[in-house]
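The structure appears right after this line, and notes come after that.
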Amino acid sequence: SQTIHQWPATLVQPVGSPLSLECTVEGTSNPNLYWYRQAAGRGLQLLFYSVGIGQISSEVPQNLSASRPQDRQFILSSKKLLLSDSGFYLCASPGRNSGNTIYFGEGSWLTVV
Amino acid sequence: GENVEQHPSTLSVQEGDSAVIKCTYSDSASNYFPWYKQELGKRPQLIIDIRSNVGEKKDQRIAVTLNKTAKHFSLHITETQPEDSAVYFCAASSPRGNNRLAFGKGNQVVVIP
């Protein structure tokens with residue numbers, strides 16, 4: 001079965017500092033990877049998705065960027081964090097033979113202070 | 001693109017009663033409809049899904065029904081228990097949207113002991 005690893009699990013960063021969140025996927029050959037953000041008490045906002053190495057699509061303009069240096073690695077970054085970047089960041093991927101279903105990693109809690 | 005809406009935003013039920021959450025979607029070509037449960041502080045987890053060639057699917061106390069004509073689908077939880085308290089997200093995917101899931105904004109279900 002598929003496993004999605006995210007780290008760090010929790011972090012507190014000052015405004016203006018850089019950010020790097022990492023996601024790695026094991027147990028699946030499906031290359032689609034997604035980054036979602038969930039603000040406190042809100043819904044799931046799709047930030048980026050990738051269909052393969054070096055292929056990134058952004059859903060909304062923002063202060064963040066994503067990269068896919070390896071097939072099973074997806075990185076979310078920022079050069080200078082804003083207060084509004086605080087939230088719960090979730091990496092997701094379809095499971096093996098799951099078709100349209102996606103499964104989420106355990107998430108990374110980011111608080112920008 | 002696909003637009004998914006959930007109603008009601010918050011639902012309180014007495015333990016043992018049934019809970020029903022309804023979602024509507026806009027794209028008539030949508031053919032896959034999953035439901036996710038998110039407990040406080042945790043990642044969303046898939047609990048049940050249905051494809052457009054089926055009208056109803058049941059898994060123990062949980063069932064999902066689909067009305068393609070009206071473009072809505074519903075989650076039914078029978079004999080609710082306190083551990084059913086969570087946020088529930090519906091989603092839909094369409095070939096016209098590259099089969100990416102479009103999520104609703106979530107329903108907070110509170111089961112009162």
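In the text below, chain A, chain B and the rest are named by the order of the sequence lines, each starting its count at 1.
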Open item on the list: If we define contacts as heavy-atom pairs under 4.5 Å, which of B:Q45, B:R100, B:Q6 has the most with chain A?
Closed with: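 Highest number of pairs under 4.5 Å: B:R100.
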Any chain of hydrophobic side-chain contacts (each under 4.5 Å) joining [X] to [Y]?
X     : Y     : answer
A:V15 : A:L11 : yes
B:Y88 : B:V4  : yes
B:W35 : B:F89 : no

Is chain A contacted by the side chain of [X], its backbone, both, or neither, given a heavy-atom distance below 4.5 Å?
X     : answer
B:P34 : neither
B:N99 : both
B:Q38 : side chain
B:L46 : side chain

Taking atom [atom1] of [X] as the centre, report whether more than 12 heavy atoms of other residues, nucleotides or ligands fall under 6.0 Å from it.
X     : atom1 : value
A:R42 : CZ    : no
B:E15 : CD    : yes
B:L40 : CG    : no
B:E79 : CD    : no
B:Q60 : CD    : no

Task: Closest non-hydrogen atom pair, B:K42 against A:F88 - done: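 The pair with the smallest heavy-atom distance is O-CE2, 3.6 Å.
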Task: Heavy-atom closest pair, residues B:L101 and A:Y36 - done: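 Shortest heavy-atom separation between B:L101 and A:Y36 comes out as O-OH, 4.1 Å.
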- [ ] Can you tell which part of A:L90 gets under 4.5 Å to a heavy atom of chain B, answering side chain, backbone, both or neither?
- [x]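 For A:L90, the contact with chain B is made by the side chain alone.
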Task: Parallel, tilted or perpendicular: rings of B:Y36 and A:F104 (30°, 60°) - done: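 Ring orientation, 0 to 90° scale: perpendicular.
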- [ ] First locate atom CZ of B:F103, then atom CD of A:Q38, and finally report the distance between them rounded to the nearest 0.5 Å.
- [x]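 If we round to the nearest 0.5 Å, B:F103:CZ and A:Q38:CD are 10.0 Å apart.
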TODO: Look up atom OH in A:Y103 and atom CZ in B:R43, then write down how far apart they are to the nearest 0.5 Å.
DONE: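 One gets 11.5 Å once the value is rounded to the nearest 0.5 Å.
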